[in-house]
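Worksheet: the structure to be examined is printed underneath.
Below, read A as the first sequence line, B as the second, and so on, with proteins coming before strands; counting in each chain starts at 1.
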Amino acid sequence: MGQSTNSDANIRELIAFRVGRQEFCINVMAVREIRGWTAATALPRSPRYVRGVINLRGAVLPIVELAVRLGLPSNEPSARNVIIVVQIAHQQIGLLVDAVSDILTANDANIQPTPDVSSDLVKTFVKGLLPVDGRMISLISLDHVLPQGEMEAA
Amino acid sequence: MDPMAAIRETFFQECEEQLAELEAGLILMESGAAEAETVNAVFRAVHSIKGGAGIFALDALVRFAHVFETALDQVRSGTLATGPGVMNLLLRAADVLADLVRAARDNGAVDETRTAALVVEFTQVSNLGHELPPAPKSQPTVCAPVPAWHISFTPTPALYAKANETALLLRELRRLGPIEATVDTTHLPELSEMDPEGAYLTWNITLEADCAEQAIRNVFEFVEDDCHLEIAAATPAEPSLKPGDIITGDNGFSFEFFPPPVFDEEEPPAVPEPEHHAPPPAPVAKQNPVEAMAAKAESAAAVSATIRVDLDRVDRMIDLVGELVINEAMLSQRVLEAGIARASGVAMALEELEHLTREIQDSVMAIRAQPVRSVFQRMPRLVREVAAQTGKQARLVTEGEGTEVDKTVIERIADPLTHMIRNAIDHGLESPEKRLAAGKPAEGLVRLTALHRSGRIVLEVSDDGAGINRARVKEKAIENGLISPDATLTDDEIDNLIFLPGFSTASTVSDISGRGVGMDVVRQSVAALGGRISISSRPGHGSTFTLSLPLTLAVLDGMVISARGHTLIIPLGAIVETLKPKAADVFPLDGEINVIRLRGGYVPMVDVAASLGYSDEFVEPDQSVALLVEGEGGVRAVLLADAIHGQRQVVIKSLEANYRAVPGIAAATVMGDGRVALILDVDAVVKTTRSELSRPEPSVLEAH
């Protein structure tokens, strides 16, 4: 897990996962643990992408269905789904994804800029594109998974 | 933290303990139940504060403590009688001392004039002619070029009577340099003539230290008046002990001096048994006096072995034990599901585990539990002050100070209790003249009681005053539009009107409890703690406020309900009753809101699932169960749910930690199956209904 510090190449380890037919990756340093899907308790008046909360060893962990958050069609989760528990600032949240697919090592040179498209969702989340063995993996930022502005709104 | 600051903090913590002991002792003295030991304990408390304050050069504190201590000494020796006037003075002095301690701790200011006035009063009652002691010097003493000192130290009985110990003084002296002490027993009388509280011993001490005479005098500073002290410079002395000399400590041991080349020495002639003279003896084997003292101190510490622990650590442990309990429940459920027989080894071991877990949980909760004493001890002072301000005579009697409750609850009951006691004196008790006219003693009685009842702590504040003037309460309520003029209320209902917002029975707004803060505020703060408050009153005989609170804020007693497949917890404290609605009692108020007829009033109904947005359809009232709940300010509503699954104690978990506050939801908890259940915020749910309704409720006890 240890991120080797290489000043010029800026190598980072990324964890890749599938959501629907797309692949995404996030920095492995943000990941706290990966666990299987357990039924969540629905929260009243929450955004559609918040599936509810689960018990993570006593802490109440909100579950974000990443597909819905990224504007993809929602799927009823099954035992095959996994929850990636990530640390964002002082909070922990669970990302509901289809499966973890890969652990990658990449440096800045490997990551290609996101083409300029009009989609707000893409602008908000996709920080770059990573070609791996003919696949395209989107590097996403977690800062806005539970956006601050939306958090304040009821 | 810098070590000095840590010591300082410990000193102030100990001061609080000493102040508590002082107050308790004085109250015992006031009640006439004091024994000689009580007076001693009171004296020691002030003396210890003075001693500690001297170390930290808290001059104002030392000066006042000294005057106080001198007066207490006179009380102890019987030269000052403890009449009501003197007791009152001593109690007020205790209050001032507490203020001084707190001011010293927080670098705050005190009312100098009040302190000075008390000093004058003390001088008047006891004709204190003594000069105040010079503030102790903490700076290192300039050392004179004298290599050794001869010190002759003869304590008088007064020294022992003030709970001083010669061994401690010798130990202090040893800090200046190596000492050699011999005891002179020539003045020791025959056993038959010996006064058990007398003092007959003289210590001859040789101190090898390169220091000023003042440094030595400083060691004896606090006992200066109670001993004969002679200090003389000497040339470096030969050891003044001869073989066979006996060193006798003040706590009843003797030490025989042997010279380094040991040759057979006769057993010393019968040493006068030191047990029979000087201060309280302790059986100690032959050892160096200083060591003996240390050993004694250690054994004293072992008696009340306490540790101070950071609250965070305890909380972390409570959290973890909560997890353990949940995990254990989950494991049990899995074992059951796996079809393992109850009589099998696994199931039996699991049962053992369950017992253990419960016991661990209880013990951990007990760590946070503290006796309510700390809060109760603040009340006598309050009673004195309020009684003085209102010109009434009041005596406080407390019961059940040892009742234990969670620390977080203790911290938060002080305010409601303060208010209730103020109220009891200001509104409850009559003036002395009226009391005498009614055939009661001029001094009113306020009783504060704590006890455990069915897993909750119950606090009662009762007074023997006039009781609630129901006619006036009703009149006032009608005047303020709280009830309709033709409403018929039971006595109980009238009494409870005083909890409504904006209600005050006092015709004149007084300085004490009429600051616009009524009993409704008390009721709200109590409700915020998951508690309830009620009042009962007998005209002419007084009123009793009863406050019932959960023992801890970390867990909550809740009713588990289900609404459209969602499991929810409703805090038990909010539930007035559960009922099965009949279709005939339900009336539509408008397209969405139904009201239910309940004992002559109409209460709005709230579909829990619909109000949380779980469902758009409304449940049929007669297909559901209903819970009559009461929110903040006594606002009532009937909640509709699909089923009630019983009562349960749940551990409260924050939603905000990883998510955010959710409207309508107070917190979350983890159920036995490991799933999260949400705890309903009754106030919020009731309030949304009201704002949607935007019209006054016809409920009898309704407030605007």
(message) Which atoms of I93(A) are under 4.5 Å from chain B, going by heavy atoms: the side chain, the backbone, both sets, or neither?
(response) side chain
(message) For I665(B), which atoms come within 4.5 Å of any heavy atom of chain A: side chain, backbone, both, or neither?
(response) side chain
(request) Salt-bridge test for D98(A) and R80(A): reply yes if a basic N is under 4.0 Å from a carboxylate O, no otherwise. (result) no
(request) Say whether, by atom type as modelled, one donor and one acceptor occur between the side chain of Q91(A) and the main chain of Y659(B) under 3.5 angstrom. (result) yes
(request) Go through the steps for D143(A) and K127(A) under the test salt bridge (Lys or Arg N to Asp or Glu O under 4.0 Å), then give the verdict. (result) CA-CA 11 Å; D143(A) 298 344; K127(A) 293 294 159 213; over 6 Å; no
(request) Answer with side chain, backbone, both or neither: which region of A89(A) has an atom nearer than 4.5 Å to a non-hydrogen atom of chain B? (result) neither
(request) Measure S654(B) against the heavy atoms of chain A and call it side chain, backbone, both or neither at under 4.5 Å. (result) backbone
(request) Could you tell me which of A657(B), G664(B), A677(B), A668(B) has the largest number of non-hydrogen atom pairs under 4.5 Å with chain A? (result) A657(B)
(message) For the CZ atom on R316(B), are there more than 12 heavy atoms of other groups (residues, nucleotides or ligands in this structure) within a distance under 6.0 Å?
(response) no
(request) Using atom types as modelled and distance alone, determine if a side-chain donor or acceptor of N658(B) lies under 3.5 Å from a backbone N or O of P62(A). (result) no
(message) Using heavy-atom distances under 4.5 Å, tell me whether T38(A) contacts chain B through its side chain, its backbone, both, or neither.
(response) neither
